[in-house]
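I have a structure I would like to understand better, so I am pasting it below and will then ask my questions one at a time.
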Amino acid sequence: MNYIIAGIDFSTPSHQVARQLIGVTLLVDGIGGRIVETEAYDREDPASHSFSGPTPRNISMFGPPGRSYVYRSYGIHWCLNFVCRESGHGAGVLIRALEPTTGIDQMRQRRGMEDVRLLCSGPGRLCQALGVTREHNDMPLDAPPFELLPVPSALDVISGPRIGISKAIDVPWRFGLAGSRFLSQPFR
DNA sequence: CTTAGGATCGCCT
DNA sequence: GGCGATCCTAAGC
C-alpha cells in the first residue's frame with residue numbers, strides 16, 4: 001500500500017511524521033493554513049490515548065495510516081490527529097497550531113474573534129476555526145474535505161517536550177516552526 | 001505578568 | 001468519583 005500524502009510517508013514512526021508535517025498546508029473544505037506545531041504519540045507511550053489499547057473513542061488510531069483521529073477534549077473541544085505507522089499499531093500526530101492562510105474571515109466568524117494570531121494557535125482552537133468535529137473522525141487525509149499540500153522548501157524545525165500531559169513529560173516529541181508567531185506556546 | 005475556576009465528554013479505578 | 005493531548009475569563013501580584 002502507498003501511504004504517502006503531501007510527500008510524507010504516514011506508515012513511518014509518528015515522531016518522523018510530526019517533524020515532516022511542519023510547513024505542510026492543511027485545508028478542510030478549503031479553509032486552513034500552514035502547520036506550525038505538532039506532537040507525536042505512540043502505542044508504547046504512557047501519554048498516548050492508544051497506550052491502553054483500542055476503545056470506542058480511539059479506534060481510528062488503530063486503523064490504517066494517513067487517516068484522521070478526532071476526539072473530544074475536556075468534554076468541550078475537538079482535537080485533530082493524523083494516524084501513523086502500520087495499520088493496527090496505534091500511533092498518531094496531534095495537530096497543535098496553524099498559521100492561518102486561507103479563509104481567514106470564515107475562521108474569524110467561527111472563532112468569534114478578530115486576532116489572526118489566536119485563530120488556530122492550539123489544538124482545540126484550530127478545530128473550531130476549521131469546523132472539525134466528530135464528523136471528521138476516521139476519514140482519509142488525501143480526499144475531501146481534507147487537503148494536504150506539500151512543504152515548498154526546507155524549513156527550520158525545533159523540538160521540545162510535549163504540552164498539557166503529566167506522563168512521559170521528558171520525551172521531546174513536540175515540533176514547531178522556528179520563530180513562528182502562531183505557536184500555542186513558545187519553545188524554551 | 002501568573003493563577004484559578006468553570007465548562008462537561010469518554011474512559012478509568 | 002476522578003481526571004484529562006483545552007480554552008476562556010476574571011482576579012491577584
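Proteins get letters first, then strands, A, B, ... in listed order; numbering begins at 1 in each. Just so you know, these numbers come straight off a predicted model, no measurement behind them.
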- Task: Name the closest nucleotide to the His77(A) side chain, picking from dA5(C), dC11(B), dT6(C).
- Result: dT6(C)

- Which part of the nucleic acid, if any, lies within contact of Arg162(A), taking any heavy atom under 4.0 Å across all strands shown: a base, the sugar-phosphate backbone alone, or nothing? nothing

- Task: Give a yes or no on this: more than 12 heavy atoms of other residues, nucleotides or ligands lie within 6.0 Å of atom CD1 of Ile169(A).
- Result: no

- Query: For Met113(A) and dC7(C), what is the distance between atoms CE and C1' respectively, to the nearest whole Å?
  - Reply: 9 Å

- Item | Value in whole Å for how far the P atom of dT6(C) lies from CZ of Arg72(A) |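 Spelled out: CZ on Arg72(A) to P on dT6(C) is 15 Å.
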
- Task: Round to a whole Å and report the spacing from CZ of Arg96(A) to C1' of dC7(C).
- Result: 11 Å

- Which residues pass the side-chain hydrogen bond (donor to acceptor under 3.5 Å, both in side chains) test with Asp105(A), sequence neighbours left out?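 Checked Asp105(A) against side-chain hydrogen bond (donor to acceptor under 3.5 Å, both in side chains); matches are Arg108(A).
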
- Query: With rounding to whole Å, what would you report as the distance between dA4(B) and dC3(C) at their P atoms?
  - Reply: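 It comes out at 16 Å once rounded to the nearest Å.
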
- Does a side-chain N or O from Ser166(A) land closer than 4.0 Å to OP1 or OP2 of dG4(C), or not?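 Checking dG4(C) against Ser166(A), a side-chain N or O does come within under 4.0 Å of OP1 or OP2.
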
- Does a donor on one side chain sit under 3.5 Å from an acceptor on the other, for Arg117(A) and Ser121(A)?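 There is no such pair (donor and acceptor under 3.5 Å, judged by atom type) between the side chains of Arg117(A) and Ser121(A).
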
- Does Arg162(A) make a cation-pi contact with Tyr41(A) (under 6.0 Å, within 45 degrees of the axis)? yes

- Message: On the nucleotide dG10(B), are OP1 or OP2 found under 4.0 Å from the side-chain N or O atoms that Arg134(A) carries?
- Response: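 So the side chain of Arg134(A) is within the cut-off, an N or O lying under 4.0 Å from OP1 or OP2 of dG10(B).
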
- Query: Can you check the Lys167(A) NZ to dC3(C) C1' distance for me, whole Å?
  - Reply: 9 Å

- Can you tell me the distance, in whole Å, between the CG atom of Leu183(A) and the P atom of dA5(C)? 20 Å

- Counting any heavy atom closer than 4.0 Å, what does Gly75(A) reach on the DNA or RNA strands: base, sugar-phosphate only, or nothing?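 The answer is base, as Gly75(A) lies within the cut-off (heavy atoms under 4.0 Å) of a base atom.
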
- Message: From CH2 of Trp78(A) over to C1' of dA7(B), roughly how many Å is that when rounded to an integer?
- Response: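 Distance check: Trp78(A) CH2 to dA7(B) C1' gives 15 Å.
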
- Message: Under a 3.5 Å distance rule, please check whether Asn137(A) uses its side chain to pair with a backbone N or O of Tyr71(A) as donor and acceptor.
- Response: no

- Please figure out whether Gly92(A) or Arg125(A) has its closest DNA chain C nucleotide nearer the 5' end.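 In this pair, the answer is Gly92(A).
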
- Message: Can you classify the ring geometry of Tyr69(A) versus His49(A) as parallel (below 30°), tilted (30 to 60°) or perpendicular (above 60°)?
- Response: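 Taking His49(A) first and then Tyr69(A), their aromatic rings stand perpendicular (interplane angle over 60°).
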
- Note on the structure: Counting only Watson-Crick and G-U wobble pairs with both atom distances below 3.5 Å, the stems of 3 or more consecutive pairs that include DNA chain C are B:1-7 with C:6-12, B:9-12 with C:1-4

- Whole angstrom is fine here: how far is it from CZ in Phe51(A) over to P in dC3(C)? 19 Å

- Query: Is there a donor-acceptor contact under 3.5 Å from the side chain of Arg111(A) to the main chain of Gln128(A)?
  - Reply: no

- Query: Would a 4.5 Å heavy-atom cut-off, applied to side chains only, mark Glu37(A) and Phe182(A) as touching?
  - Reply: no

- Nearest-nucleotide wise, let me know which of Ile76(A) and Arg57(A) is further upstream toward the 5' end of DNA chain B. Ile76(A)

- Query: Taking only side-chain nitrogens and oxygens of Arg174(A), does any of them come within less than 4.0 Å of OP1 or OP2 of dA5(C)?
  - Reply: no

- In whole Å, what is the span from the CD atom of Gln185(A) to the C1' atom of dT2(B)?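 Gln185(A) atom CD is separated from dT2(B) atom C1' by 13 Å.
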
- Query: When all nucleic acid strands are considered with a 4.0 Å heavy-atom cut-off, which category describes Arg111(A): base, sugar-phosphate, or nothing?
  - Reply: sugar-phosphate

- Select one nucleotide: of dC7(C), dG4(C), dA5(C), the one nearest the side-chain heavy atoms of Pro123(A). dC7(C)

- Using a cut-off of 4.0 Å on non-hydrogen atoms, how would the nucleic acid contact of Ile165(A) be classed: base, sugar-phosphate, or nothing? sugar-phosphate

- Query: Within the structure, does a side-chain N or O atom of Thr55(A) lie under 4.0 Å from either OP1 or OP2 of dC11(B)?
  - Reply: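 Thr55(A) to dC11(B) OP1/OP2: side-chain N or O found under 4.0 Å.
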
- Distance between the P atoms of dG2(C) and dG5(B), in whole angstroms?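 After rounding to an integer number of Å, I get 16 Å for this pair.
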
- Note on the structure: Closest to the side chain of Tyr41(A), out of dA5(C), dC11(B), dT6(C), is dA5(C)

